[in-house]
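Chain A is the first sequence line, chain B the second, and so forth, proteins listed ahead of strands; every chain is numbered from 1. This structure is a prediction, so every number in the text was calculated from the model and none was measured.
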Amino acid sequence: MKRNWREGFSRRELLKTSAGLGAGVALNGLLPSTAARAAGPDLNMWWWGEQELPGLKAVVDDAVKSYTAASVKPMLQDTAVVISQFQTAAAAGEAPDIQFLWNGIYHMESVWLGYLQPLEGLVSDQVIKDSSPTLLSRFGGKTYRVGWYALPMIWIYNKDLYDKAGLDADKAPATWDEFLAACEKLKSAGIAPLGGGIQDGYWGEWYFGHAIAQNVDSAGEVIGLFTGERDFREPKYHEHWVKLEELKKAGFLNADMSSTELYPGIDLIPAGKIAAGQSVGARVPKDSEMTKGRIGTMVMPVYGKGKLAGKPIFDSQGLGIPTKAKNPKDAAAFLEYLQSPEQLKLLHDKTGWIPANTNFDLSVITDPVVVDMWKRWGQSENIPYLANLVPGQFYEQALLPSAQQVVEGKITGEEAGELAYKVAKEWRDFNPDIVENYKKWSTDLGG
Amino acid sequence: MNHSARFVPYLYVAPLVALLLFVFGYPLVRIFEFSFKMVRGIDGPWIGWRNYDLVLSQPLFWESVQHNMLLLVAVPFMVGWSLLIAVVLYERLKGWKLYRVVLFLPYILAIPIIAVIMKKIFQFNGPVNEVLRWLSLDFLALDWIGSSDVALWTVMMLIIWRESALGIILFLARLLSLDESLIESAKLEGASWWQRLWYVIVPQMKVVIEFYVVTSVITILSAVFSYVFMIGGGRGGPGTSTMVVELYIFNALIRTSLPGIASAVSVMLFLVSLLLIVPLFAVRRRANEEEMG
């Protein structure tokens with residue numbers, strides 16, 4: 001799960017929004033809804049994403065307005081209840097026709113509960129494939145999401161700071177040794193080489209997502225760490241925490257990292273206060289504009305020997321069809337409509353961001369930094385975001401706390417591996433029914 | 001009074017009782033029920049005491065309890081500080097009414113608003129540490145919200161500051177209703193300021209102090225979620241250093257999809273709070289009796 005990447009809400013915006021909401025409520029009773037004007041069956045669509053990608057609401061509104069085959073009634077969900085609201089409704093037989101779905105375990109649990117139906121046979125195979133739902137949307141050979149908008153997971157660096165430290169700004173460090181050498185030079189030049197903010201924990205999730213891939217050959221192998229078939233205490237499975245510990249001990253992380261939150265922490269990179277760090281693709285257009293193209297994108301420098309090491313990570317947000325949807329075929333048709341060239345262009349026009357579709361016409365993007373990133377992350381060989389495999393209990397009780405404590409210097413990388421092992425075992429005790437599904441899922445993911 | 005007339009008052013309150021039972025009673029029964037089930041979605045199979053076993057054998061749960069217990073240290077500070085400030089205000093310093101408003105202000109502001117501001121202030125490179133560094137007190141410039149060793153104490157400071165506001169107002173209200181002739185007599189007898197406070201004022205305020213202590217203990221055990229959520233980055237962090245029982249419940253329910261576990265801990269917290277409400281009622285009863293003379 002990712003958080004809002006455009007922070008801040010001014011008083012003026014608050015007043016405007018309040019006034020708008022008030023007017024909306026008043027008008028709602030007087031005017032027929034947009035959806036009500038269209039012909040065909042009624043479709044309920046529960047969606048999320050405006051919080052992360054401002055402008056998405058306008059995309060949904062326009063799509064609903066222009067769609068004539070059904071009356072789509074969209075409802076924007078609150079971040080905290082996206083999963084619980086859907087699961088409760090699905091259990092009560094009141095599920096919508098279309099449901100927003102985060103990737104991996106964030107929707108797979110609903111698959112296992114029988115709340116989502118496979119899309120094969122409903123949505124055309126080509127549309128599913130082009131929409132890049134990623135491997136983590138598959139279970140038992142079936143796909144449960146259509147991709148909606150793209151989420152490349154990246155590292156960024158400030159080229160001006162690299163220049164200042166006498167480094168080649170056009171060639172990002174590719175190996176861990178090259179990276180450490182660059183960090184040393186940056187530190188000598190008085191620049192914090194790496195970091196961001198981990199106070200809210202999410203930086204730890206991203207770090208895990210990038211780094212766990214270094215020593216594994218498949219996504220399924222990561223699942224084995226939770227099901228007990230593999231062991232976090234084995235050095236290669238906690239080497240990522242050891243590397244983080246090394247960076248901390250070498251003084252390569254910014255001093256205020258523990259008291260800074262994720263997005264304010266990322267802001268420090270284009271602002272020229274930290275040389276490099278983790279980010280998401282959706283921020284790149286803004287950061288590139290702010291630095292006049294002096295932001296570089298890179299994959300995490302390679303130290304591991306796994307088959308997934310050094311490959312770009314691509315994730316996407318998506319939409320699915322609940323098992324008890326009243327009009328599944330009409331819902332599928334609307335999902336296909338959202339993947340039409342006009343709708344893909346609309347998404348880009350309204351949000352400034354890239355839809356999850358390999359056929360998206362790149363010529364509309366003018367920033368070479370964004371084009372370069374999309375070619376490497378969106379159109380080349382990529383791997384799924386493995387942090388989306390992490391069970392919630394492990395995420396809350398091992399992944400985020402470990403990362404924070406390693407960055408703080410409170411525990412070692414090896415101790416983080418020990419904690420991960422213990423919490424994974426606790427998770428199995430708390431969730432014996434889910435463990436079985438995880439094991440089956442592992443097979444789908446090459447485990 | 002005839003037979004049917006005796007039931008009339010009950011008939012009047014019956015709708016409200018029914019409403020309360022529906023709003024509070026039904027969820028309570030369901031929480032007890034869920035605590036014995038492995039709930040997935042909206043229901044699940046009966047598993048007896050297993051949720052309780054799992055929770056009670058988990059180190060994180062006990063760490064959360066320990067943090068709640070540690071936060072209880074704040075209560076004597078809250079009482080002492082509130083009492084001191086209330087007595088100082090009672091002396092009717094110049095502008096005391098304005099001070100009263102200023103001191104009560106934190107209590108009427110929403111906790112998230114206060115916590116967000118405090119979080120900015122206490123950042124590693126925030127204003128507090130900048131001032132300390134400017135005063136060459138670098139050793140005091142701690143990582144207030146980013147260090148596992150310090151974060152819970154930062155939360156505690158915030159709780160003391162905000163929750164004391166209620167204590168100040170409660171104590172001041174009681175002070176203003178005291179019989180001043182007793183205090184004047186003590187003054188004429190040569191009692192010092194401290195002697196008057198300790199032997200004349202505090203004994204008369206015993207009931208309101210007891211009331212404040214009990215409500216503060218209940219607050220610390222079951223109503224510090226907002227403080228911890230805001231200061232601890234929404235996670236009880238750094239690490240698990242600010243994890244408390246309420247956040248444990250929230251995480252189990254919302255973030256780890258374990259409603260059965262969340263229910264088991266809620267039941268335990270409910271029972272502990274119930275035990276604490278008994279002395280609260282006793283205090284209130286005593287207060288009523290004293291007022292009746």
Side-chain angles (χ1 to χ4, degrees), chain A residues 1 3 80-81 83-84 86-92 105-106 109-110 112-115 197-202 204 254-262 264 273 391-398 400-411 419 422-423 426-427 429-434, chain B residues 38-45 47 50-51 53-55 57-61 63 116 119-120 122-126 129 141-151 154 229-243 247-248 250-261:
Chain A
M1 191 190 314
R3 290 182 66 235
V81 299
I83 298 172
S84 57
F86 167 62
Q87 289 191 348
T88 307
I105 188 58
Y106 298 105
E109 198 179 273
S110 295
W112 299 335
L113 287 166
Y115 298 158
I198 198 168
Q199 210 267 335
D200 48 4
Y202 297 106
N254 53 309
D256 57 348
M257 189 169 174
S258 291
S259 67
T260 306
E261 292 185 350
L262 179 71
K273 291 180 179 162
Q393 191 173 339
F394 184 89
Y395 183 91
E396 293 295 330
Q397 296 173 11
L400 303 194
S402 295
Q404 287 179 324
Q405 289 182 303
V406 172
V407 166
E408 192 194 330
K410 186 88 178 161
I411 62 171
L419 176 69
K422 280 184 191 159
V423 174
E426 275 179 8
W427 170 75
D429 292 340
F430 277 65
N431 301 275
D433 52 336
I434 304 247
Chain B
M38 183 188 280
V39 182
R40 297 287 180 209
I42 55 172
D43 211 343
I47 53 168
R50 182 157 172 77
N51 285 331
D53 282 346
L54 287 168
V55 167
S57 62
Q58 197 191 29
L60 181 63
F61 170 72
E63 195 186 339
V116 165
K119 213 169 155 176
K120 294 270 181 207
F122 282 104
Q123 274 197 326
F124 189 65
N125 289 331
N129 281 354
L142 306 173
D143 202 348
W144 301 98
I145 58 172
S147 162
S148 302
D149 297 326
V150 184
T154 308
F229 191 85
M230 298 304 294
I231 297 288
R235 305 277 167 189
T240 50
S241 63
T242 57
M243 177 66 78
L247 188 55
Y248 182 99
F250 176 82
N251 278 350
L253 183 67
I254 302 292
R255 291 170 169 164
T256 66
S257 302
L258 291 167
I261 294 290

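- For A:Phe394, no part sits under 4.5 Å from any heavy atom of chain B, backbone or side chain.
- Within the 4.5 angstrom heavy-atom criterion, atoms from both the backbone and the side chain of A:Gln199 approach chain B.
- In this structure, the portions of B:Ile145 lying under 4.5 Å from any heavy atom of chain A include both its backbone and its side chain.
- A donor atom on one side chain and an acceptor atom on the other are found under 3.5 Å apart for B:Asn129 and B:Trp144.
- Of the listed residues B:Leu258, B:Leu253, B:Ile254, the one with more heavy-atom pairs under 4.5 angstrom with chain A than any other is B:Leu258.
- Note: A:Asp429 leads A:Asp429, A:Thr88, A:Leu113 in heavy-atom pairs under 4.5 Å with chain B.
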- Task: Walk me through it: do A:Ile198 and A:Thr260 pass the test side-chain contact (heavy atoms from CB on, under 4.5 Å)?
- Result: CA-CA 6 Å; A:Ile198 198 168; A:Thr260 306; over 6 Å; no
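- With a threshold of 4.5 angstrom between heavy atoms, A:Ala255 approaches chain B through its backbone and through its side chain.
- The most heavy-atom pairs under 4.5 Å with chain A, out of B:Asn251, B:Asn51, B:Leu54, come from B:Leu54.
- No donor-acceptor pair under 3.5 Å is formed between the side chain of A:Gln393 and the backbone N or O of A:Val423.
- With respect to chain A, the highest number of heavy-atom pairs below 4.5 Å among B:Gln123, B:Arg255, B:Met38, B:Arg40 belongs to B:Arg40.
- Between the side chains of A:Tyr202 and B:Arg235, at least one donor N or O sits under 3.5 Å from an acceptor N or O.
- Of the N and O atoms on the side chains of A:Gln87 and A:Ser110, at least one donor lies less than 3.5 Å from an acceptor on the other residue.
- Between chain A and the options B:Asp43, B:Val55, B:Thr240, B:Asp149, the largest number of non-hydrogen pairs under 4.5 Å is found for B:Asp149.
- Judged purely by atom type and a 3.5 angstrom limit, A:Glu261 has no side-chain atom pairing as donor or acceptor with the backbone of A:Gly197.
- Ranked by heavy-atom pairs under 4.5 Å with chain B, the list A:Gly204, A:Gly409, A:Ala91 is led by A:Ala91.
- Contact count against chain B (heavy-atom pairs under 4.5 Å) is highest for A:Ser259 among A:Gly201, A:Pro432, A:Ser259, A:Ser258.
- Judged by distance alone, the side chains of B:Ser148 and A:Glu408 do bring a donor and an acceptor atom under 3.5 Å apart.
- Rounding to the nearest 0.5 angstrom, the gap separating the CE atom in B:Met243 from the CZ atom in B:Phe250 is 10.5 Å.
- The part of B:Ile231 that comes within reach of chain A is its backbone (N, CA, C, O), which places non-hydrogen atoms under 4.5 angstrom from that chain.
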